[in-house]
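In this text the structure is predicted, and so the values were computed from the model without any measurement. Just the heavy atoms: all of them, side chains too, but no hydrogens, waters or symmetry mates, feed the values below. Here is the naming used below: chain letters follow the sequence lines, and residue numbers restart at 1 for every chain.
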Protein chains: 2
Amino acid sequence: MSESVRAWRFAVNVTPKPGILDPQGRAVERSLPHLGIEGVGGVRVGRRVELTVTAADPEAARAVVDRLAGELLSNPLIEAFEIEAMGEVEPAVAGGASG
Amino acid sequence: MSESVRAWRFAVNVTPKPGILDPQGRAVERSLPHLGIEGVGGVRVGRRVELTVTAADPEAARAVVDRLAGELLSNPLIEAFEIEAMGEVEPAVAGGASG
């Protein structure tokens, strides 16, 4: 349709900050002996949010993700986030609630 | 200490399979207008699990993560996972429940 609209997919990886208690990570560690798995430690459980941003250029798209990650997707007091660019996608994907 | 022991850190990214309902993703999408954010869609919310594996070599470490991801960290009926190698780390990290 509109030729100037482009879209990019990003992932936001949200993890508990070092020193913050991570009960889900502890639960995983406690399950390991039951599976007979050894040598695994330092388990940290966070969230991964993938999303598509329609914007004029990649920098504008990334700015939207930055804001979203800091204001909605993570709690800056106890969580850190990293943004991962997953490449350009079809703009059509961005609008609809697919899935 | 023991010179033959090495450790690697991995991330397991778990996401809802295409077609599987994702209420958390919908909730994020519904929050966007309140933040004044436009052009974001296709939101999928999953988990990110980071862990350290002590093993003889990288292949053995990866095999442990493969098993863990499929048997404990994801539900294969409704979730897909991807394993991300994060590089070699100090073996000492693997043993303790740090943090």
Under the side chain to side chain contact (heavy atoms under 4.5 Å, CB included) rule, what do A:Arg44 and B:Val49 come out as? Steps first, then yes or no, please. CA-CA 6 Å; A:Arg44 305 291 278 171; B:Val49 183; over 6 Å; no
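The choice from A:Leu73, A:Leu35, A:Val65 that makes the most heavy-atom pairs within less than 4.5 Å of chain B is A:Leu35. Comparing B:Ile37, B:Thr15, B:Asp22, B:Val12 by how many heavy-atom pairs each has under 4.5 Å with chain A, the most go to B:Ile37. With respect to chain A, the highest number of heavy-atom pairs below 4.5 Å among B:Arg47, B:Glu38, B:Gln24 belongs to B:Arg47.
Within 6.0 Å of atom CD in A:Glu88, more than 12 heavy atoms from other residues, nucleotides or ligands are found, so the atom counts as buried in its surroundings.
The hydrophobic cluster containing B:Leu32 also contains A:Ile83, counting ILVMFWY residues as joined when their side-chain heavy atoms lie under 4.5 angstrom apart, directly or transitively.
Tested against B:Leu51 for a side-chain contact (heavy atoms from CB on, under 4.5 Å), the candidates A:Val28, A:Val45, A:Val43 yield a single pass: A:Val43.
The CD atom of A:Glu84 lies 6.5 Å from the CG atom of B:Asn13; values are rounded to the nearest 0.5 Å.
The shortest side-chain heavy-atom distance between B:Val40 and A:Val64 falls under the 4.5 Å cut-off.
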